[in-house]
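In what follows, a single structure is set out as structure tokens and then discussed.
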2 protein chains.
Amino acid sequence: MARARTDSDPRVRILDVAAQVFASSGFAGARIDDIAERARVNKAMLYYHVGDKQALYAAVLLQTIDHALARIDAALAAARSAEERLRVIVSTVAAAAQENPNFAPLMLRELASGGQSIPDQVVRRMARLFRTVAEILADGERAGRFRNVDPVMTHMSIMGSIIVLTAGAPIRRRIRDVVGGPRASFVDRSAADIAAHFSDLILEGLQKRVPAPARRRTRTK
Amino acid sequence: MARARTDSDPRVRILDVAAQVFASSGFAGARIDDIAERARVNKAMLYYHVGDKQALYAAVLLQTIDHALARIDAALAAARSAEERLRVIVSTVAAAAQENPNFAPLMLRELASGGQSIPDQVVRRMARLFRTVAEILADGERAGRFRNVDPVMTHMSIMGSIIVLTAGAPIRRRIRDVVGGPRASFVDRSAADIAAHFSDLILEGLQKRVPAPARRRTRTK
DNA sequence: ATCTGGTTTAACTAACCGGTTAGATATGGC
DNA sequence: GCCATATCTAACCGGTTAGTTAAACCAGAT
């Protein structure tokens, strides 16, 4: 046990291929025979090493989110101020999502199906990430830098935007192909682009302002 | 033809049920027999009235997005300033998503699968919504109210956040059940909550500021 | 050499599922 | 009444799919 987890380990190959297939076809659309074949493994071996389709799917989810969270933890270690920490979270999630192209689709599909088949282990990971963000927001508010916002919605806005932005490239391509002209700049957005756009947006959006000499109309109603 | 499109119209019943089933199970997970049974229609009648699974799915997508877009158009007619128009878009999309619980899952699933099976008709609708938002952003910038932002990413941030926020309730429930205590306020978010949260966030985030006495470090590079 | 336990394979199966068909029934025009 | 057309049904079909099985293979221990 504790063997080298290289490509020669059939379990590693199976999980890698399964992540791809589940990401692009969903749980119901994924074919066990397909996964086995692409992982160059006999189907019965897949059942022997991993278990049934549900177990395979759960293992894929866990591996995918663990890898992303590990990146965030590592990057967060260096950051200090609330602003900086939030920026780090945004850019790390964007980078992780771009680097592992299965991440965003898997999350989107789970979101669409209400997270019914997310194992508890994975839910706890999600909760931990939420707590991290909520702490940052509370810190920033305590330091007088952020205004008071709903941490639940703020967290989901952040993750939702980044994931949708990352997964949105193919749809942007379709939109451009159907209606757009030759606008090359319509489709491609690097992880850095996404991170810069969204962290600017949210840091400006969260900033606490001085009451400002009332130039606006009164908030009617 | 052009008959009353009531519940007695089998095509209406089929599309309604199919929207539910596709939203909660995805295209691959949806069962034609299931849809037919729940629509109280013989399976062959489903093929007779609508066509095969793909055609049914395309019809569902078109109907779903058309209904949402119609709401937006209607609501937008009254709005004037760029800020107001953006706020209307956010709150109308949030309201439409909450009212039709199939909308968000359908969009999320399409996003996850790269929009391969979105019919061109629907893509053109999406493009039109993008153009509307892009115009608002350009207007606001011209009026000196908004800063210069990437309209493509801004549009996807808006839609992504609202859709994820709306579809996120079941996952919030799972997170609360697994780790959270009795925090009732963790799960429920009305369309108005979502709209208020996000339009505040984005309007603040987009606002153009006066250059402000340089207190920050210079933007290196 | 042989036994033991983990690993691998080809073949199988039982259920499922999208789509079809042949024929029945209803409807409206004449 | 009668024909043409639209609507509807039960039964069927062939391919697919998750999961199983029984037997083979192979490495190390004795």
Side-chain angles (χ1 to χ4, degrees), chain A residues 1-62 106 109-110 113 116-119, chain B residues 1-62 106 109-110 113 116-119:
Chain A
M1 60 197 76
R3 264 301 182 70
R5 284 283 182 121
T6 66
D7 266 3
S8 67
D9 184 340
R11 195 188 144 91
V12 173
R13 285 206 315 271
I14 291 169
L15 285 184
D16 272 8
V17 171
Q20 275 174 246
V21 174
F22 281 132
S24 66
S25 309
F27 180 82
R31 300 292 156 227
I32 292 284
D33 293 88
D34 180 33
I35 294 171
E37 188 183 356
R38 286 164 63 173
R40 305 192 315 279
V41 153
N42 185 288
K43 180 164 58 153
M45 286 312 298
L46 190 154
Y47 281 86
Y48 179 79
H49 282 293
V50 189
D52 65 9
K53 201 182 182 185
Q54 278 289 349
L56 175 59
Y57 183 69
V60 163
L61 274 191
L62 187 60
L106 288 172
R109 286 184 198 282
E110 271 311 315
S113 47
Q116 292 168 323
S117 48
I118 305 183
Chain B
M1 60 196 80
R3 264 302 182 70
R5 285 281 183 125
T6 66
D7 265 6
S8 68
D9 184 341
R11 196 188 143 91
V12 172
R13 286 205 314 271
I14 292 169
L15 284 184
D16 272 8
V17 172
Q20 274 175 246
V21 175
F22 282 132
S24 66
S25 310
F27 180 81
R31 300 293 156 225
I32 292 284
D33 292 88
D34 180 34
I35 294 171
E37 189 182 354
R38 289 164 63 171
R40 305 190 318 275
V41 153
N42 186 289
K43 182 163 58 153
M45 285 314 297
L46 191 153
Y47 281 87
Y48 177 77
H49 282 295
V50 189
D52 66 8
K53 201 181 181 185
Q54 278 290 348
L56 175 59
Y57 183 68
V60 163
L61 274 192
L62 188 59
L106 288 172
R109 287 185 198 282
E110 271 311 315
S113 45
Q116 292 168 323
S117 47
I118 304 182

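To find a chain, count down the sequence lines: A is the first, B the second, and so on, and within it residues start at 1.
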Original post:
Between dA10(D), dT7(D), dC8(D), which nucleotide has the shortest distance from any of its atoms to the side chain of H49(B)?
Top reply: dC8(D)

Original post:
Under 4.0 Å between a side-chain N or O of R31(A) and OP1 or OP2 of dA18(D)?
Top reply: yes

**OP:** Check for a donor-acceptor pair, side chain of R109(B) on one end and backbone N or O of A23(B) on the other, with a separation under 3.5 Å.
**Re:** yes

Original post:
Under the salt bridge (charged side-chain N to carboxylate O under 4.0 Å, His left out) criterion, do R38(A) and D34(A) qualify, and how do the steps go?
Top reply: CA-CA 6 Å; R38(A) 286 164 63 173; D34(A) 180 33; 3.4 Å; yes

**OP:** Give the nucleotide from the list dA10(C), dA18(D), dT9(D) with an atom nearest to the side chain of N42(A).
**Re:** dA10(C)

**OP:** Grab the CD-C1' distance between E37(A) and dA10(C) for me, whole Å please.
**Re:** 15 Å

Original post:
What distance separates I35(B) CD1 from F22(B) CZ, expressed to the nearest 0.5 Å?
Top reply: 4.5 Å

Original post:
At under 4.0 Å between heavy atoms, what does A36(A) touch on the DNA or RNA strands: base, sugar-phosphate, or nothing?
Top reply: nothing

Original post:
How long is the line joining CD1 of I14(B) and C1' of dC8(D), in whole Å?
Top reply: 12 Å

Subject >> pair Y57(A)-S117(A): side-chain heavy atoms closer than 4.5 Å >> reply: yes

**OP:** Figure out the OH/C1' separation between Y47(A) and dT20(D), and round it to whole Å.
**Re:** 9 Å

Original post:
Which distance, rounded to the nearest 0.5 Å, do you find between the CG of L46(B) and the CD of E37(B)?
Top reply: 12.5 Å

**OP:** Compare the minimum distances between each of dG19(C), dT7(C), dC8(D) and the side chain of Y48(A), then state the nucleotide with the smallest one.
**Re:** dT7(C)

**OP:** Round to the nearest Å and state the distance from K43(B) atom NZ to dA22(C) atom C1'.
**Re:** 16 Å

Original post:
Which listed nucleotide (dA10(D), dA10(C), dA18(D)) is nearest to the side chain of A44(A)?
Top reply: dA10(C)

Original post:
For the pair made of CZ in R11(A) and P in dG6(C), what is the distance, rounded to whole Å?
Top reply: 17 Å

**OP:** Report the distance from atom CE of M45(B) to atom P of dC8(D), rounded to the nearest whole Å.
**Re:** 4 Å

Original post:
A28(B) near the nucleic acid: base, sugar-phosphate alone, or nothing, with a heavy-atom cut-off under 4.0 Å?
Top reply: nothing

Original post:
Taking atom C1' of dT16(D) as reference, at what distance in whole Å does atom NZ of K53(A) sit?
Top reply: 12 Å

**OP:** Could you tell me the separation between the CD1 atom of I35(A) and the P atom of dA18(D), rounded to a whole number of Å?
**Re:** 8 Å

